[in-house]
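Take a look at the structure set out below.
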There are 2 protein chains.
Amino acid sequence: MSATSANVSERRVQPPSLAISTVIFALRPSESSGRPTLWLPLVRRIRQPYLGQWALPGGPLAHSESLQDAASRNLLETTGLAPRYLEQLYAFGGLDRSAGQRLVSIVYWALVQPDEAALTRESENVRWFRADRLESLAFDHNEIVKYALWRLRNKMEYGSIAYHLLGERFTLAQVREVYEAVLDKELDPANFRRQLRSTPHIEPTDEHLTGTRHRPPRLYRYAGPVPDGSVRQPLPASP
Amino acid sequence: MSATSANVSERRVQPPSLAISTVIFALRPSESSGRPTLWLPLVRRIRQPYLGQWALPGGPLAHSESLQDAASRNLLETTGLAPRYLEQLYAFGGLDRSAGQRLVSIVYWALVQPDEAALTRESENVRWFRADRLESLAFDHNEIVKYALWRLRNKMEYGSIAYHLLGERFTLAQVREVYEAVLDKELDPANFRRQLRSTPHIEPTDEHLTGTRHRPPRLYRYAGPVPDGSVRQPLPASP
DNA sequence: GCAAAAGTGTTTCTGTTACACCCATGC
DNA sequence: GCATGGGTGTAACAGAAACACTTTTGC
């Protein structure tokens, strides 16, 4: 410890740089099965380190914005996305996560609905990837995504999270498909229906989805609070 | 916002300063009832801002240490404590949390056992306080403690957290008292016992506690993993 | 009519709650 | 013996899981 602190005080004290990044999840139909699966947008690094590799969207923290505002702004600038659901994930500050200088990242995670996801400004340097089939990403971003997935599954098990991945109107079967995709297990349609119906904030509408080749299912909508808006206090509410 | 950003770009761009703080919980008998209650150590500010007010122990992040190591080191230096249970709580980065310069705090929370808590180097500037009767603290530290308490309660409800507040050996009634103190409600001794016995990592010993004026209760011990050691990877394990 | 998924009903199972009761020790 | 909390037993209750069955559409 004495050697370390001596070292630090000798060197000019440049503080660790602080960045904000975000893991964004959305549903897209799998190319193979057509069933909904989790996807996330990544941006290609246009500078060192990790030049050319894919990374989570992010950037530095500006002076006049809160952490969450920084995440929002950065997302909008780099990908065009403005998620309605945005929440802090974790602060990563390992010593060897960036080649060269010391980097601390405060990471947020977001859920976007199909209409929001459609606004992505995709390009050579911005693309959606399947969350379960990622190549090797810049920094420790593979680890971060893995952790975000774990948190998503956890929150799904008892929370009204799934709605933030669906559109304004949805069938109960669609909700079930989301659960099945994220938790990766099949659920009994009858029991699932009953459980959902007994939770608050989930209201039936008079509309039905047509065009299926079977009985038209009723459409529902989510009327609950958004746990974490885009502009908010740092303290998360209880779930 | 335009006034602010103009202001910022005129000024020399000094990045927000980054600090690590920790909320430490331990059990102490209440002065009034004698029943165990939650306490936490605070340190008195010896510089501006908030000079003289009580605050969470913390300090800057050194270059050669991870976030968690920084929390550990700082705790040891300021209070003499070396918690075996230490976990990241949240990153606080609101604009107005510090008078003067912009401050981002990555906050950890810790649980210490009685033997660890006894090693506190108490002084004029380091003291234990009841968690539910705090005066006005420096910065937004009241809010932070409130959030830490919420997290503690949440984790208690289904986790093997309580053991980290107790010593090596304990009776089931002691565990129940911890739950009652933290959750602030009475629990049926019989049912509580059964539930605990059915969870893993909780082993009976052959010893009994004597000196009570009733039947000597059996002593148990916790044989499970420490969810987050003092030296660890940034990724928390699943609970 | 047939296929397919929506939607309902019902039984079983499992874990929780409430509470009666016995046990072992100090005084 | 009596008070006190340790420790066990058990019936009642509540919610989850399993699964049979009816309904409504497209073709």
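In what follows, chains carry the letters A, B, and so on, assigned in the order in which the sequence lines appear, proteins first and then strands, with residues in each chain numbered from 1.
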Partners passing ring pair (Phe, Tyr, Trp, His ring centres under 6.0 Å) against A:Phe139 (at least two apart in sequence or in another chain): A:Tyr50, A:His141

Terminal contacting nucleotides, 5' and 3', DNA chain C versus chain A (heavy atom, 4.0 Å): C:dA4 to C:dT10

Distance-only criterion, 3.5 Å: show the donor-acceptor pairs between side-chain atoms of residues 206-215 of chain A and protein atoms not counting sequence neighbours.
{"from": "A:Glu207", "atom 1": "OE2", "to": "A:Arg169", "atom 2": "NH1", "distance (Å)": "2.3"}
{"from": "A:His208", "atom 1": "ND1", "to": "A:Pro216", "atom 2": "O", "distance (Å)": "3.4"}
{"from": "A:Thr212", "atom 1": "OG1", "to": "A:His214", "atom 2": "O", "distance (Å)": "3.0"}

With A:Arg151 via side-chain hydrogen bond (donor to acceptor under 3.5 Å, both in side chains) - residues at least two apart: A:Tyr147

Partner set under ring pair (Phe, Tyr, Trp, His ring centres under 6.0 Å) for B:Phe25, not counting sequence neighbours: none

Pairs where residues 179-204 of chain B contributes a residue and the test ring-ring contact (aromatic ring centres under 6.0 Å, His included) is met, not counting sequence neighbours: B:Tyr179-B:Phe192

Test side-chain hydrogen bond (donor to acceptor under 3.5 Å, both in side chains) applied to B:Tyr163 - qualifying residues, sequence neighbours left out: none

Sugar-phosphate, base or nothing in reach of B:Arg197, heavy atoms under 4.0 Å: nothing

Non-neighbouring partners of A:Ser198 that pass side-chain contact (heavy atoms from CB on, under 4.5 Å), sequence neighbours left out: none

What pairs of donor and acceptor atoms, side-chain ones from residues 125-132 of chain A against any protein atom, are under 3.5 angstrom apart with sequence neighbours left out?
{"from": "A:Asn125", "atom 1": "OD1", "to": "A:Arg44", "atom 2": "NE", "distance (Å)": "3.2"}
{"from": "A:Trp128", "atom 1": "NE1", "to": "A:Thr120", "atom 2": "OG1", "distance (Å)": "3.1"}
{"from": "A:Arg130", "atom 1": "NE", "to": "A:Asp132", "atom 2": "OD1", "distance (Å)": "3.0"}
{"from": "A:Arg130", "atom 1": "NH2", "to": "A:Asp132", "atom 2": "OD1", "distance (Å)": "3.4"}
{"from": "A:Arg130", "atom 1": "NH2", "to": "A:Asp132", "atom 2": "OD2", "distance (Å)": "2.8"}

Listed once per pair and sorted, the salt bridge (Lys or Arg N to Asp or Glu O under 4.0 Å) pairs that draw on residues 195-204 of chain B, sequence neighbours left out: B:Glu203-B:Arg221

Collect all protein-nucleotide pairs involving nucleotides 8-13 of chain D in which both atoms are nitrogen or oxygen and the distance is under 3.5 Å.
{"from": "D:dG9", "atom 1": "N7", "to": "B:Arg194", "atom 2": "NH1", "distance (Å)": "3.2"}
{"from": "D:dG9", "atom 1": "O6", "to": "B:Arg194", "atom 2": "NH2", "distance (Å)": "3.0"}
{"from": "D:dT10", "atom 1": "O4", "to": "B:Arg194", "atom 2": "NH2", "distance (Å)": "3.2"}

Length of the line joining B:Leu209:CG and D:dG5:C1', which is rounded to integer Å: 12 Å

Spacing between A:Lys185 atom NZ and D:dA17 atom C1', to the nearest angstrom: 12 Å

Side chains of B:Asn142 and B:Lys146 in contact at under 4.5 Å (non-hydrogen atoms): no

With 3.5 Å as the limit, what N/O pairs link the protein to nucleotides 23-27 of chain D?
{"from": "D:dT23", "atom 1": "O2", "to": "A:Arg215", "atom 2": "NH1", "distance (Å)": "2.8"}

5' precedence on DNA chain C between B:Ser198 and A:Ala173 (nearest-nucleotide basis): A:Ala173

